[in-house]
Amino acid sequence: MRFSANQRLCLPTRRDVLIAAGLGMLSPWLARGVQADPLPAFPSGFLWGTSTSALQIEGATTEDGRGASIWESFAGRPGAIADGTTPAIACDHYHRWADDVALMKSAGFGAYRFSIAWPRVQPTGRGPVNSRGLDFYDRLVDALLEAGIRPMPCLYHWDLPQALQDQGGWMNRDMAGWFADYAGIAAGRLGDRVKDWFALNEPSVVAIFGHGYGEHAPGLNGGRTAALAASHHQNLAQGAALRALRAESADFRLGTVLSLQPVVPVSDSEADRAATTRWDALWNRVALDGVMRGQLPDVLADDLRPWVKPGDLELIRFPLDRLGVNYYSQLHIQHQPGRLFDAGFGPLPPGPVTAMGWPIEPEGLGRVLGELRTLYGNPEVMVTENGVACDDLPGPDGQIDDRQRIAYLDGHLRVVAAALAAGSRVTGYLAWSLLDNWEWQCGYARRFGLVHVDYPSQRRTPKASFAWLKAAAAGKA
Ligand code: IFM
């Protein structure tokens, strides 16, 4: 039987069907757990830790003057979120942050990437600053530093203030200036202690799923025009914000976070290969070539022309101190007339998949790191997200033996080690995610955490993978 692969949506996957058919366990690959030989040694100073994002964990969406974000509006649309939930409470991190920092400290992690919620800082996205919102990040940053953990905030992880969406959101070029203002406000308040900053998280996902397909907030089903406008305006906003941050301090280490997933055609046909080139341009290159080279992919040039003004490419190009790379899987692309750029996710090759239906392909991370090393001048890179959704049910003893997650992390870390041996400048690895959390259009139905969250009680239970990453960070895995 063939299943149409739905690599990014929260629809039943090949694996769900197997489970429904009583076939249970994911695959022998996942069941086998960690490899017998120890992980290779990582350089001293290599940063270990986890990542989260504000909307996915904080909750308290109406507290202390926070404005509404597009995701609350989107979650209110019938059918938009698979389990019908909202991020209103999530992991209640807004109140439990001290416990969560203590968890990270107990693992000896040296870094933490979180995101700052723009609607907490500027409830209407521009204009008045809500200092109570900034107070929260003040407390968090102080606690992290006290625990010996480097705070690495990201300024935008998808929770756009609804008030800005009402003015066009990422379809509006003025977003660049508004985002730069917000970046300056955040850095002005936290920059005496926070030295590592990321501008955006995964702009291509925002463009494609939020604006092209309407499967993420703001739910625009605007096809290629909207996807490319959103891409270009995010690129501009990123350039403007990075410059605003640089103006705050020459000492900041500045970066941005891209979802870089190698794109592979499902067949050798010319149509599938051409679709793959277009998808690669849209998913990877428009952001990567923009910031690294000040160039936009030729294959998108005609479509981008209406949005690109003189001087834009100079603003978009920025000498990053480090590039954040989020990697989950390769994208298997097929010519699909009528889909965005006549391309879409095709059938997956045989092999293990995660609870998201994503194939498990650590080698894809090697391809990304290899390309950055050989084609993009070997920038400093941090793996800012990598992880897996599994069905993590507590056993009779209450513990969660998520050896499939350990196998996933182990496999990808070996690829990072190989890239380092080949000369890549990878300086850290942050697993996605510290906690189970609100997985966007999937709601609470997918669990990525190294720490299990029992949502009704908000009890945190570290999974076996948490102890494993702690051991890896200590050079003992
Ligand atoms: O949960 C998301 C995160 O917000 C962005 N990167 C991918 C993760 C898993 O889907």
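Glu58 places no side-chain N or O within 3.5 Å of a backbone atom of Ala90 that could act as its donor or acceptor partner. A distance-only check finds no donor-acceptor pair linking the side chain of Asp196 to the backbone of Arg253 [under 3.5 Å]. Judged purely by atom type and a 3.5 angstrom limit, Lys195 has no side-chain atom pairing as donor or acceptor with the backbone of Asp251.
Using the six-membered ring where Trp is involved, Tyr137 and Phe114 have ring planes that are parallel, under 30° apart on the 30 and 60° scheme. Ring planes of Phe466 and Phe109: perpendicular class, angle over 60° (limits at 30 and 60°). Aromatic ring pairs are classed by plane angle as parallel below 30°, tilted from 30° to 60° and perpendicular above 60°; the pair Trp432 and His157 is parallel.
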* To do: Test side chain to side chain contact (heavy atoms under 4.5 Å, CB included) on Glu146 and Val101 and set out the steps.
  => CA-CA 10 Å; Glu146 175 74 31; Val101 172; over 6 Å; no
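The closest side-chain donor-acceptor pair between His452 and Asp392, if any, does not fall under 3.5 angstrom. Glu380 and Thr427 share a side-chain donor-acceptor pair at under 3.5 Å. Side-chain contact annotation: Tyr455 with Asp92, donor-acceptor N/O pair under 3.5 Å absent. Side-chain contact, Asp83 with Tyr444: no donor N or O sits under 3.5 Å from an acceptor N or O. Defined by atom type and a distance below 3.5 Å, a donor-acceptor pair is present between the side-chain atoms of Glu63 and His95. Judged by distance alone, the side chains of Asn201 and Asn326 do bring a donor and an acceptor atom under 3.5 Å apart.
You'll find the side chain of Ile208 reaches within 4.5 Å of the side chain of Trp283, heavy atoms only. Considering only heavy atoms from C-beta on, Thr50 stays 4.5 Å or farther from Ser433 through its side chain.
Scanning for salt bridge (Lys or Arg N to Asp or Glu O under 4.0 Å) contacts around Asp138 gives Arg189, Arg193, with sequence neighbours left out. Taking the ring pair (Phe, Tyr, Trp, His ring centres under 6.0 Å) definition, one finds that Tyr156 meets it with Trp170, sequence neighbours left out.
Relative to the six-membered ring of Phe318, Arg243 misses at least one condition, a distance below 6.0 Å or an angle of at most 45° to the axis. Remark: Arg120 is positioned above the aromatic ring of Tyr94, its terminal NZ or CZ atom under 6.0 angstrom from the ring centre and at most 45 degrees off the axis.
For residues 67-82, the set of pairs meeting the side-chain hydrogen bond (donor to acceptor under 3.5 Å, both in side chains) definition, not counting sequence neighbours, comprises Arg66-Glu72, Ser69-Glu72, Ser73-Gln162.
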